[in-house]
*Asks:* 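Below you'll find the structure I mean.
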Amino acid sequence: MILHHRFDGPPDAPVVVLGPSLGTTLDLWEPQLPALTRTWRALRYDLPGHGGSPAASGPTRDLTVDDLADGVLALLDRAGLESVSYAGVSLGGAVGTTLALRAPDRVASLVLCCTSARFGTAESWHERAALVRAEGTKPLAEVTRRRWFTAGFPHAERYLDMLRDADPEGYAACCDALAIFDVRDRLGEVRAPALVIAGAEDPATPPAHAEVLAGGIPDAELLVVPRAAHLATAERPDVVNDAITRHLTTRWRTA
């Protein structure tokens, strides 16, 4: 799996990998780049079938979050990066948790934003995958608007266009991966210093999901962002940027 990716920031700075949510591209992280790239080199990537990453060739129904984590590890290997920080939203956060479990020596610090150790039921994800395979991603736009943003967010269309443009098979394969993702009984194995961020009004991964993560990961911090839904990075970049930069800087220095 070769994931489309991009580096931004000083070439000699420590690297933070930025993982996107299902239905978005690496551009999800643009509101964070000015703050992060002052002192960090940001490595953003696209999920299969999103942005510049092609959908996996051949049958994709067996795609797992472990496979996505391996794809990120392949990027680190190609770039010669032994240790990085990682921040991810939703599915991107699940990839980060998986990386921290599978390759603990490669993840120096971890930010899990609007994500979960277990996303709903397998049946709901398989149903969504079947819908997208049959009709594409456009029918999801309006219900997704209500999941991703609080009412009146003025820039919603920019992010919903990322969803509308996603390759149906790539999106559906990621749904199938989420259907079987469950690390609730392994959170105690995460050794990377972790910050867990939740949107106070997130219906997709409510604060209760963040509490499970923060309660299970040793010494994890928890931040609940007011007036934010699932894409808190887009809705409240002021709060999120401050929290991420503070956590990454502190944890990298003490790693």
Side-chain angles (χ1 to χ4, degrees), residues 1-8 17-30 42-78 86-99 102 113-116 119-145 147-149 156-181 204-205 230-231 233-234:
M1 180 185 300
I2 300 175
L3 300 174
H4 174 250
H5 60 283
R6 174 174 173 170
F7 282 96
D8 295 278
V17 180
L18 303 175
S21 70
L22 175 66
T24 68
T25 72
L26 53 76
D27 289 336
L28 171 67
W29 285 98
E30 282 192 351
L43 169 55
R44 296 178 288 160
Y45 67 89
D46 284 324
L47 296 164
H50 296 64
S53 289
S57 59
T60 59
R61 293 171 193 260
D62 294 331
L63 183 73
T64 67
V65 176
D66 282 3
D67 294 330
L68 298 175
D70 285 345
V72 174
L73 284 173
L75 293 181
L76 302 187
D77 290 342
R78 291 174 67 188
Y86 185 99
V89 179
S90 194
L91 175 52
V95 173
T97 304
T98 303
L99 278 173
R102 288 167 60 85
C113 188
C114 299
T115 188
S116 184
F119 296 79
T121 66
E123 292 77 14
S124 66
W125 287 111
H126 290 315
E127 288 172 5
R128 192 190 299 191
L131 172 64
V132 168
R133 285 185 170 107
E135 301 182 28
T137 57
K138 291 180 177 62
L140 301 179
E142 287 312 307
V143 67
T144 300
R145 183 193 304 271
R147 290 193 187 106
W148 281 2
F149 307 111
E157 289 303 318
R158 178 186 177 210
Y159 297 93
L160 292 170
D161 281 344
M162 299 178 192
L163 170 65
R164 296 181 182 109
D165 291 341
D167 175 84
E169 183 54 41
Y171 183 100
C174 289
C175 290
D176 290 334
L178 284 169
I180 58 174
F181 176 75
T205 53
H230 193 52
L231 296 189
T233 53

*Asks:* Please report the closest heavy-atom contact between R133 and A173, naming both atoms and the distance.
*Replies:*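 Heavy atoms only, the tightest pair is NH2-N, 3.9 Å.
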*Asks:* Quick one: pull up OG in S116 and CG in L178 and give me the separation to the nearest 0.5 Å.
*Replies:*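 CG of L178 is found 9.5 Å from OG of S116.
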*Asks:* Report all side-chain donor-acceptor pairs from residues 68-76 shorter than 3.5 Å, counting only partners two or more places apart or in another chain.
*Replies:*
residue	atom	partner	partner atom	Å
D70	OD1	R102	NH2	2.6
D70	OD2	R102	NH2	3.0

*Asks:* So do the side chains of L231 and T24 get within less than 4.5 Å of each other, counting heavy atoms only?
*Replies:*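 L231 vs T24: side chains touch.
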*Asks:* Quick check: does any side chain N or O of H50 sit under 3.5 Å from a backbone N or O of G23, one acting as donor and the other as acceptor?
*Replies:*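 Indeed, once roles are kept as given, a pair shorter than 3.5 Å links the two residues.
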*Asks:* Any idea which heavy atoms bring S53 and I2 closest together, and the distance?
*Replies:*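 Reported closest heavy-atom pair: OG-O, 4.4 Å.
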*Asks:* Could you work out, with ring-ring contact (aromatic ring centres under 6.0 Å, His included) as the rule, every residue matching F149, not counting sequence neighbours?
*Replies:*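 ring-ring contact (aromatic ring centres under 6.0 Å, His included) check on F149 returns F153, Y159.
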*Asks:* Apply the test side chain to side chain contact (heavy atoms under 4.5 Å, CB included) to residues F181 and T98: give CA-CA distance (whole Å), side-chain angles for both, the deciding distance (0.1 Å), then the verdict.
*Replies:* CA-CA 10 Å; F181 176 75; T98 303; 3.5 Å; yes
*Asks:* With rounding to the nearest 0.5 Å, note down the distance linking CD in E123 to NE2 in H126.
*Replies:*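 Going from CD on E123 over to NE2 on H126, the span is 7.5 Å.
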*Asks:* Minimum heavy-atom separation for D167 and G170, please, with both atom names.
*Replies:*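 Shortest heavy-atom separation between D167 and G170 comes out as OD2-N, 2.8 Å.
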*Asks:* Rounded to the nearest 0.5 Å, how far apart are CE of M162 and CG of D27?
*Replies:*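 Spacing of CE (M162) from CG (D27) equals 5.0 Å.
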*Asks:* Does a side-chain heavy-atom distance below 4.5 Å link L26 with Y45?
*Replies:*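 Side chain of L26 against side chain of Y45, heavy atoms only: no contact under 4.5 Å found.
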*Asks:* Do you know which of T144, T115, T205 makes side chain to side chain donor-acceptor pair (under 3.5 Å) with H230?
*Replies:*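 Of all the options given, the one that passes is T205.
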*Asks:* Minimum heavy-atom separation for C174 to L63, with atom names?
*Replies:*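 Scanning both residues completely, I find the closest heavy atoms to be N-CD2, 4.1 Å.
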*Asks:* Any idea which heavy atoms bring W125 and A179 closest together, and the distance?
*Replies:*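 Result for this residue pair: CB-CB, 3.7 Å.
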*Asks:* Stepwise, does the side chain to side chain contact (heavy atoms under 4.5 Å, CB included) test hold for L28 with R44?
*Replies:* CA-CA 9 Å; L28 171 67; R44 296 178 288 160; over 6 Å; no
*Asks:* Tell me every residue that passes side chain to side chain donor-acceptor pair (under 3.5 Å) with H4, counting only those two or more places apart in sequence or in another chain.
*Replies:*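 H4: side chain to side chain donor-acceptor pair (under 3.5 Å) contacts with D46.
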*Asks:* Hey, does the side chain of D161 reach the backbone of R158 with a donor-acceptor pair shorter than 3.5 angstrom?
*Replies:*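 Flag not set: sc D161 to bb R158 has no pair under 3.5 Å.
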*Asks:* Report the distance from atom CZ of R6 to atom CG of L18, rounding to the nearest 0.5 Å.
*Replies:*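 CG of L18 is found 12.0 Å from CZ of R6.
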*Asks:* Considering only heavy atoms from C-beta outward, does the side chain of P20 approach that of T25 to under 4.5 Å?
*Replies:*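 Counting from C-beta outward, P20 and T25 never come under 4.5 Å.
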*Asks:* Side-chain contact test, heavy atoms from C-beta onward, threshold under 4.5 Å: evaluate it for F119 versus V65 and give yes or no.
*Replies:*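 No, their side chains stay 4.5 Å or more apart.
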*Asks:* Compare all side-chain heavy atoms of H5 with those of V17 and state whether any distance is below 4.5 angstrom.
*Replies:*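 The answer is no, as the side chains (C-beta and beyond) never meet within the 4.5 Å cut-off.
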*Asks:* Using modelled atom types and a 3.5 Å cut-off, is there a donor and acceptor pairing between side-chain atoms of T137 and backbone atoms of L163?
*Replies:*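 Yes, because the side chain of T137 sits within donor-acceptor range (under 3.5 Å) of the backbone of L163.
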*Asks:* Does CZ belonging to R164 count more than 12 external heavy atoms closer than 6.0 Å?
*Replies:*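 Yes, enclosed.
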*Asks:* Looking at every non-hydrogen atom in both residues, tell me the closest pair between L22 and C175 and how far apart they are.
*Replies:*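 Minimum heavy-atom separation between L22 and C175: CD2-SG, 4.0 Å.
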*Asks:* Could you measure the distance from the SG atom of C114 to the CZ atom of R147? Nearest 0.5 Å is fine.
*Replies:*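 So the SG of C114 and the CZ of R147 are separated by 14.0 Å.
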*Asks:* Give, for atom OH of Y171 and atom CG of D165, the distance between the pair rounded to the nearest 0.5 Å.
*Replies:*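 If I round to the nearest 0.5 Å, the distance is 13.5 Å.
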